[in-house]
Amino acid sequence: MTTPLEVHLDADDQERTLRADVVAGLTASPKRLPPKWFYDAHGSELFEQITELPEYYPTRAERAILTERAAEIARDTGARTLIELGSGYSTKTRLLLEALHPTRFVPMDVSPSALEAAATRIALDFPALPVHGIVGDITRHLGFLPGADHRLVAFLGGTIGNFEPAERARFLADVRGVLRPGEHLLLGTDLVKSPRVLVPAYDDAAGVTAEFNRNVLRVLNHHLQADFDVDGFAHVALWNADQEWIEMRLRARWPMRVTIPALDLVVEFASGEEIRTEISAKFRREGVEKELTEAGFALSQWWTDPEARFALSLAQA
Ligand code: AVJ
């Protein structure tokens, strides 16, 4: 039972936000681009491939926790509606759906293509489940989430790590703001560990993450008629030990001048100059608990995989 996607982010709105982000990011010093623009249809597909790479452990670690804890999550929350933020293809979601038997599933994502694919796949496995996909930006459109019976909001995969600390605080407070007391948040966070494990997860031997990173330039070429020489940028992944986050960057291999007609913008790159395209923060229990508490949640469960690589937090509003 799949309803048509509810769209709060139409092509015009997407285009406007993309323009604003690109102007701000590529005129800043150092240059940066927000990670949400990785995820056109090709980028979403590349991310799916990343989740299957031997080096990229977070998806498998989180799936192991969900497999182990889904029944407990169902019992502890008693949730009737499952909302998934930044759901992508929702491959881990079926574990929650099987345990919860919710009366509806509400995935929200910026990518209509990923949502369509998710809704179609979920509908095949759960033919009686109403799936109400919402195309939206989780930093702007939480207000459109449906109310009704007891909700569990799942924000999985460690995507919260893409936000800077101040954005994270605002986001968690916003999620708390749309929930009623007693409702729940299920939050996936990747954990601090050796850079010998972390860095390869973001710089795999097969080069899929490098392609994923460079895809943001293809998105700009396609949507803004930019003329980035995509292969002129090298993929960089590094561990920022002070901030405890992975940074992905694109490094100009030689001096470049990029023209972006749609923005009336010419961007110069010195040889070796970088664009920061993503941060992926890694967490510790104390930090997660503190941030949840400050946002008005109470941490009720903290679960990790056997190797303590990844954590799932269950928090109550
Ligand atoms: C989808 C945001 C959780 O940060 O690990 C994977 C994205 N970037 N490889 C992450 C990503 C590079 C991923 N999240």
Using modelled atom types and a 3.5 Å cut-off, is there a donor and acceptor pairing between side-chain atoms of [X] and backbone atoms of [Y]?
X	Y	value
His132	Glu6	no
Glu116	Ser113	no
His141	Asp137	yes

Positive for salt bridge (charged side-chain N to carboxylate O under 4.0 Å, His left out) with Glu244, one of Lys282, Arg284, Lys193: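 The salt bridge (charged side-chain N to carboxylate O under 4.0 Å, His left out) with Glu244 is passed solely by Arg284 among Lys282, Arg284, Lys193.
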
With a 4.5 Å heavy-atom cut-off, do Arg251 and Glu273 have their side chains touching?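 The answer is no, as the side chains (C-beta and beyond) never meet within the 4.5 Å cut-off.
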
Consider only side-chain heavy atoms of I, L, V, M, F, W and Y, link residues closer than 4.5 Å, and tell whether Val199 and Leu250 are in one cluster.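 Yes, same cluster.
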
Side-chain donor-acceptor pairs of residues 307-317 under 3.5 Å, sequence neighbours excluded:
unit_1	atom_1	unit_2	atom_2	d
Arg309	NE	Asp305	OD2	3.0
Arg309	NH2	Asp305	OD2	3.4
Gln316	NE2	Gly182	O	3.3

In Å, rounded to the nearest 0.5 Å, how long is the span from CZ of Arg16 to CZ of Arg19?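 Nearest 0.5 Å value for the CZ-CZ distance: 9.5 Å.
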
Would you say that more than 12 heavy atoms from the other residues, nucleotides or ligands in this model lie under 6.0 Å from the CZ of Arg285, or not?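 Count over threshold, so yes.
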
Please check if the number of heavy atoms outside Arg257 that lie under 6.0 Å from its CZ is greater than 12.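 Check fails, neighbour count at 12 or below.
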
Checking Asp13 now: which residues fulfil salt bridge (Lys or Arg N to Asp or Glu O under 4.0 Å) with it, not counting sequence neighbours?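 In terms of salt bridge (Lys or Arg N to Asp or Glu O under 4.0 Å), with neighbours along the sequence ignored, Asp13 is linked to Arg140.
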
Under the criterion ring pair (Phe, Tyr, Trp, His ring centres under 6.0 Å), I'd like the reasoning laid out for Tyr39 against Phe212: C-alpha separation, chi angles, the key distance, then a yes or no. CA-CA 9 Å; Tyr39 299 94; Phe212 174 74; 5.5 Å; yes

